[in-house]
There are 2 protein chains.
Amino acid sequence: MRKLPSAARLARIRERFASEAGVSVADLAREFGVSEMTIRRDLSQLEGQSHIHRTHGGAVLTGRMLLEFDYRDRREANRDAKQAIAREARKLVKPGQRLILDNGTTTLELACLLRDGENLTVITPSLAVASELLDAPGVEVILLGGVIRRGSPDLTGPVTEHCLELFSADITFQGTDGIGLDGKLYNADLRLARVEKHMRRIAKRAVVLADHTKIGRTALACSGKLSDIDTLITDRAASAEALRRLSKLGVRTVTV
Amino acid sequence: MRKLPSAARLARIRERFASEAGVSVADLAREFGVSEMTIRRDLSQLEGQSHIHRTHGGAVLTGRMLLEFDYRDRREANRDAKQAIAREARKLVKPGQRLILDNGTTTLELACLLRDGENLTVITPSLAVASELLDAPGVEVILLGGVIRRGSPDLTGPVTEHCLELFSADITFQGTDGIGLDGKLYNADLRLARVEKHMRRIAKRAVVLADHTKIGRTALACSGKLSDIDTLITDRAASAEALRRLSKLGVRTVTV
DNA sequence: GTACAAATGTTAGAAATTGTTCGTTTAGTC
DNA sequence: GACTAAACGAACAATTTCTAACATTTGTAC
């Protein structure tokens with residue numbers, strides 16, 4: 001086979017995707033008579049413009065699956081603890097309640113457990129939570145409006161706060177990026193911190209879900225004090241010393 | 001069988017579920033020419049994305065996956081015409097504009113074409129549109145709040161209407177379920193019809209995207225009159241007779 | 001031809017995927 | 001409940017693929 005100019009090769013690779021969902025580096029290299037390295041470079045370039053995603057061994061079309069609000073990577077971190085915390089939180093939910101589920105991977109785990117809920121209403125700014133509960137028969141999902149933060153599938157900003165004003169709820173389940181030993185709740189994003197404050201205002205009861213890595217950490221924005229919340233659920237790996245200090249601040253703490 | 005990159009194998013396993021409700025590890029291993037252990041790992045991964053549920057010897061489908069397939073089918077229907085219409089609509093968009101993109105598969109195709117937009121703001125009640133534009137660098141996505149309709153990934157209801165009040169826009173791009181020859185726009189869902197009316201009120205210009213199958217059809221709810229909109233974009237397959245009648249009603253009609 | 005830039009090839013070490021083995025769990029049967 | 005065969009998961013080994021750096025070739029303008 002005669003070698004083609006690079007642009008033509010790129011175009012032909014693109015055409016491949018019209019008929020096949022995935023291509024392999026080795027095949028393309030053989031087919032075009034170039035080295036695998038060149039194909040890899042081509043695919044990297046295409047990944048920027050086209051709807052393909054590079055993988056080990058080749059590339060696949062993306063956008064074929066809807067609602068891929070991609071939390072997968074972060075979701076793996078410390079997942080066992082998060083699931084245990086979510087199971088504990090699930091016990092607080094009774095049929096017929098109106099819940100608020102904040103952004104975050106731990107609340108997402110809780111969302112999974114609510115799929116079999118009865119007559120629940122879930123209000124959330126998280127696209128991942130919404131997508132998880134989309135087809136749950138006993139759950140009505142109300143998504144708050146707002147600006148989508150780049151790189152994170154959730155909603156924040158004035159619109160979100162404005163939407164929240166329209167509701168009231170029985171319980172708000174929130175994550176956090178850090179709980180200082182001074183009893184303050186921290187969040188890495190200022191806008192999220194504001195939204196969380198609003199949530200607590202309209203809910204009868206506030207529950208914070210935080211694995212032990214969050215305890216003793218601080219972050220940019222303070223979203224409130226521990227005394228603003230009713231229950232903190234964390235995991236056993238949290239240091240006893242830290243837990244003692246927190247419970248002195250008056251918050252009911254559950255460890256799982 | 002030629003080996004595909006691992007992600008392609010995952011995609012094909014997923015596709016299996018479109019036709020069959022369950023799969024077996026042994027079958028898949030034989031079919032793809034890999035070890036059973038690899039298939040188990042694949043299935044675990046898919047389960048983590050909550051598309052399926054693992055069982056002994058294989059895996060079965062969950063509800064969420066069904067929804068995704070259903071939407072995909074609708075998207076495929078008449079796709080060429082929809083893409084051509086979307087390309088025509090794309091030409092109306094200038095850098096810096098604020099757009100409203102309604103629900104629907106045709107507007108979703110338009111969203112794909114807006115990924116390279118410059119300094120655009122897209123306001124939408126459609127989770128699919130939001131998901132498509134999530135990572136587009138030149139596009140800010142504002143998702144409207146609202147209740148998620150079961151079986152369709154989009155938002156409607158009073159909250160959605162309330163959110164719309166907060167904005168104004170340059171152009172609203174809408175789909176429709178039917179355009180009667182009496183010059184009325186129809187929609188199969190009453191709540192969606194109301195939302196569409198609101199959209200037109202806050203946008204300077206209203207553009208309706210409808211492939212020829214929509215022309216001459218009616219549906220449950222009337223969302224307005226053709227005279228409320230500025231431009232109708234449809235495809236050549238629309239009957240000349242019908243187009244003549246519509247243009248008499250005063251709407252600028254573009255056929256592609 | 002020379003010079004320069006762009007594209008491609010090569011290599012080696014790092015990373016990811018896959019295969020294999022083996023002890024444990026599960027589902028079904030008696 | 002006990003037994004059995006199939007299926008499972010963890011750990012390790014083998015294989016494949018990736019990235020990055022540098023070397024080489026190709027293309028183009030002077």
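Bear in mind the structure is a predicted one, so any value in this text is a computation, not a measurement. Chain naming here is simple, since letters A, B, ... match the order of the sequence lines and numbering starts at 1 in each.
Enclosure of atom CD in B:Glu20 by more than 12 non-hydrogen atoms of other residues, nucleotides or ligands within 6.0 angstrom is indicated. Within 6.0 Å of the CZ atom in A:Arg245, the count of heavy atoms belonging to other residues, nucleotides or ligands does not exceed 12.
A:Asn187 places no side-chain N or O within donor-acceptor distance of the main-chain N or O of A:Asp177, the cut-off being under 3.5 Å.
As rounded to whole Å, 14 Å separates atom C1' of D:dT19 from atom CD of A:Glu47. The separation between A:Leu43 atom CG and D:dT17 atom C1' is 13 Å, rounded to whole Å. Atom pair B:Asp42:CG and D:dA7:P shows a separation of 17 Å (rounding to whole Å applied). A:Glu36 places its CD atom 14 Å from the C1' atom of C:dT11, with the value rounded to the nearest Å.
The side chain of A:Val25 lies closest to D:dC18 when the candidates are C:dG9, C:dG19, D:dC18.
Contact annotation for A:Thr55: backbone-only contact, meaning every heavy-atom pair under 4.0 Å involves sugar-phosphate atoms and none involves a base.
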List, with names and distances, any nitrogen or oxygen atoms from the protein found under 3.5 Å away from nitrogen or oxygen atoms belonging to nucleotides 3-6 of chain D.
none

Are any protein N/O atoms closer than 3.5 Å to N/O atoms in nucleotides 9-14 of chain D? If there are, list each pair with its distance.
unit_1	atom_1	unit_2	atom_2	d
D:dG9	OP2	B:Arg54	NH1	3.2

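Of the charged side-chain nitrogens involved, none lies within less than 4.0 Å of a carboxylate oxygen, so that A:Asp154 and A:Arg191 do not count as a salt-bridged pair. Electrostatic pairing of A:Glu15 and A:Arg12 does not count as a salt bridge here, judged by no charged N lying under 4.0 Å from a carboxylate O. The pair B:Arg75-B:Glu109 meets the salt-bridge criterion, with a side-chain N (NZ, NE, NH1 or NH2) lying under 4.0 Å from an Asp/Glu carboxylate O.
Looking only at side-chain heavy atoms (C-beta outward), A:Ile39 and A:Val34 come within less than 4.5 Å of each other.
Contact check, A:Thr38 against C:dT8: no side-chain N or O comes under 4.0 Å of OP1 or OP2.
Checked by atom type, the side-chain pair A:Thr172/A:Arg200 shows no donor-acceptor distance below 3.5 Å.
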